[in-house]
Protein chains: 2
Amino acid sequence: MSKPEITNTKLDDAARAGWLYYVAGNTQDEIAAKLGVSRQSAQRMVSLAVSEGLVKVRLDHPIAHCLDLAAQLKKRFGLKMAEVVPTDPGSTSTTLGVADAAAAEMTRWLKMEAPVIVGIGTGRTLKAAIEILSPIDCPQHKVVSLTGNIAPDGSAAFYNVIFNIAEKIKARSFPMSLPVIASSPEERELLHSQPMIRSVLDLSAKADVAFIGIGDLEDDAPLFVDGFISHDELQALRQAGAVCEIIGRAFDRNGIAIEGLTNERVASALIPSRETAMVIAIAKGAKKMPGIAAALKGNLINGLITDERTAEALLAG
Amino acid sequence: MSKPEITNTKLDDAARAGWLYYVAGNTQDEIAAKLGVSRQSAQRMVSLAVSEGLVKVRLDHPIAHCLDLAAQLKKRFGLKMAEVVPTDPGSTSTTLGVADAAAAEMTRWLKMEAPVIVGIGTGRTLKAAIEILSPIDCPQHKVVSLTGNIAPDGSAAFYNVIFNIAEKIKARSFPMSLPVIASSPEERELLHSQPMIRSVLDLSAKADVAFIGIGDLEDDAPLFVDGFISHDELQALRQAGAVCEIIGRAFDRNGIAIEGLTNERVASALIPSRETAMVIAIAKGAKKMPGIAAALKGNLINGLITDERTAEALLAG
DNA sequence: TTGTGTTATGAGCAAATACTCACATACGGG
DNA sequence: CCCGTATGTGAGTATTTGCTCATAACACAA
């Protein structure tokens with residue numbers, strides 16, 4: 001007070017004020033009274049303590065780390081949206097947690113008053129998400145499939161989820177009645193030129209938000225396991241540098257689409273523009289890491305729902 | 001969202017909200033929007049996160065430790081007021097720091113509009129505090145000495161600070177013109193029965209706040225060094241269990257006044273009631289530890305200004 | 001099914017906080 | 001010595017927060 005410690009005084013006082021505020025739970029009025037200054041000065045001290053980094057807030061809850069990681073992901077990869085769910089250490093499920101988060105994110109969009117066009121990809125994760133989606137009436141929205149729903153054997157593609165979501169929510173849904181991968185580039189062009197298909201493709205390009213999965217290209221790649229491509233084709237893709245598949249289309253480690261091979265027969269819509277739409281990938285797990293990294297690098301997505309462990313790996317890489 | 005984790009959901013949400021609030025710096029309105037709930041619910045989540053102890057605040061500043069210690073002292077010993085100043089590791093001064101804090105505390109009282117009766121003890125620490133006290137006009141207050149101001153040789157007692165404080169502040173001051181320790185119990189009674197003295201004693205009993213020092217009873221006890229008691233008397237006191245002296249009166253380790261010996265000749269006022277007055281001790285250092293502990297144990301004081309090291313020792317004991 | 005006790009929710013309001021601005025005070029250079 | 005710039009202060013005001021209360025949703029039992 002009287003002995004002038006040249007410059008530290010201010011910070012000391014700020015620390016005092018910060019302590020009284022955050023630790024002792026005083027109001028700024030009380031602090032002002034106790035320190036014999038005006039309320040405004042007390043306020044300044046407190047905010048000084050904060051801005052000087054004297055005050056550290058820690059959140060003792062697993063969720064806190066997740067939110068941290070999400071913020072880092074957003075910053076590092078320029079994402080508009082990122083969500084990281086806690087990793088359940090005892091589980092190997094590729095959908096646990098992220099499916100819930102994806103469902104929540106879908107609900108967030110579907111609850112909007114204004115009409116929204118929702119693009120829907122394919123895959124196990126997405127299917128799991130739809131499964132736990134709470135039913136909701138939203139006749140104002142449109143849900144459009146980004147991929148064909150016909151399996152190579154002519155049956156309905158099991159992991160095409162457009163019908164599942166149609167059951168859940170009362171919105172107009174737009175499936176694409178064609179094979180995921182056509183038998184030839186020419187067939188694809190033919191199919192795409194059909195008015196019904198054309199209008200769905202046009203609608204998908206206008207999507208406001210799209211939820212997509214990311215498929216790996218390991219030996220048990222979904223694309224192969226589900227019979228859309230042969231093992232030879234899978235190996236050829238890998239040889240060409242492909243590391244992942246998004247709505248049927250293969251991409252290399254930089255997120256660049258592979259030229260030729262099965263890609264010239266993929267009948268899916270293009271991934272909606274990242275300029276006009278939120279393209280949210282739902283993916284987690286070591287196997288999908290290269291694919292997620294590629295999608296991030298190639299700016300194929302601007303939103304990501306993943307888990308803690310995957311997020312950490314992505315940020316470490 | 002849909003998978004009902006029976007009870008953790010709420011805490012998870014609270015953690016989210018808390019994170020968004022404290023870490024991300026969102027306003028509760030923003031949190032409400034992001035989480036799709038009302039502002040009130042967001043507020044409830046945040047306060048739940050706080051009340052559940054999810055949010056931990058740490059203050060990175062030496063002063064924070066002092067304030068922590070002060071809070072602990074208050075709680076542990078039922079003090080109404082406690083102040084802990086940083087210990088300067090390189091200094092052995094018994095007044096450095098605490099004197100400043102004491103001066104600040106005095107100023108706080110003296111700045112009050114309403115008339116206050118201030119009791120003043122004696123000692124080196126108190127004298128140092130008065131010396132750095134900023135001059136202040138407070139004609140509404142009264143300052144009353146709790147001890148006599150006449151040394152055994154008839155001179156003014158050097159560490160009686162009533163005159164020092166009277167110079168500094170423009171308040172009515174009330175010295176006690178009698179020896180600190182009378183030559184006999186009878187003389188004390190005689191002195192105390194004099195109207196002038198009587199009125200000062202009565203005034204001291206009505207003090208609103210008292211600032212006192214705590215004297216040790218080592219071989220260089222102030223009471224002995226300043227010539228108020230002989231070395232034999234000092235030893236006798238110690239033999240009787242005395243560990244400290246407050247305004248001339250000796251107390252044992254439980255804060256109980258020693259029976260007989262010099263205590264029956266001490267002419268000082270009694271320590272003002274801890275029910276009606278703030279009795280603030282200013283003391284630090286290893287030598288005074290037993291005395292401070294005794295004063296705390298015996299509820300002789302309800303306020304303490306000390307330093308970090310002493311506070312830690314008191315709390316450890 | 002209906003009643004009942006518990007819990008959650010949102011509105012409204014009072015308190016607390018943050019911000020802006022105008023002015024005061026101090027410092028350093030001309 | 002004076003002036004411009006920086007720094008700090010308090011008043012006023014807008015925003016944000018916390019609290020209370022009435023009501024709604026819910027679970028459970030009769």
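Reminder, nothing fancy here: chain letters follow the sequence lines and each chain counts from 1. Since the model is a prediction, treat every value here as computed from it, not as a measurement.
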Next item on the list: Answer whether the closest heavy-atom distance between the side chains of B:L126 and B:I212 falls below 4.5 Å.
Entry: no

Check: B:V50 versus B:Y21: any side-chain heavy-atom pair under 4.5 Å?
Finding: no

Check: Counting only side-chain N and O atoms of A:Y21, is one of them less than 4.0 Å from OP1 or OP2 of C:dA16?
Finding: no

Notebook entry, point to check: Taking only side-chain nitrogens and oxygens of A:S38, does any of them come within less than 4.0 Å of OP1 or OP2 of D:dG10?
Noted result: yes

Notebook entry, point to check: In residues 39-53 of chain B, which ones come under 4.0 Å of DNA chain C, going by heavy atoms?
Noted result: B:R39, B:Q40, B:S41, B:R44

Next item on the list: Give the minimum heavy-atom separation between A:D29 and A:R39, together with the two atoms involved.
Entry: OD1-CD, 2.9 Å

Notebook entry, point to check: Are any of the side-chain nitrogens in B:R309 or B:E312 under 4.0 Å away from the carboxylate oxygens of its partner?
Noted result: no

Notebook entry, point to check: Between A:E83 and B:K34, is there a side-chain N and carboxylate O pair less than 4.0 Å apart?
Noted result: no

Check: If each of A:T27 and B:V37 is mapped to the nucleotide of DNA chain C with the nearest heavy atom, which maps nearer the 5' terminus, i.e. the 5' end?
Finding: B:V37

Could you give the [atom1]-to-[atom2] distance, from [X] to [N], as a whole number of Å?
X: B:Q28; N: D:dT15; atom1: CD; atom2: P; value: 16 Å
X: B:N26; N: D:dT15; atom1: CG; atom2: P; value: 18 Å
X: B:I31; N: D:dG18; atom1: CD1; atom2: C1'; value: 14 Å
X: B:D13; N: C:dT7; atom1: CG; atom2: P; value: 19 Å
X: B:D29; N: C:dT17; atom1: CG; atom2: P; value: 17 Å

Check: Quick check: are there more than 12 heavy atoms from other residues, nucleotides or ligands sitting under 6.0 Å from NZ of A:K80?
Finding: yes

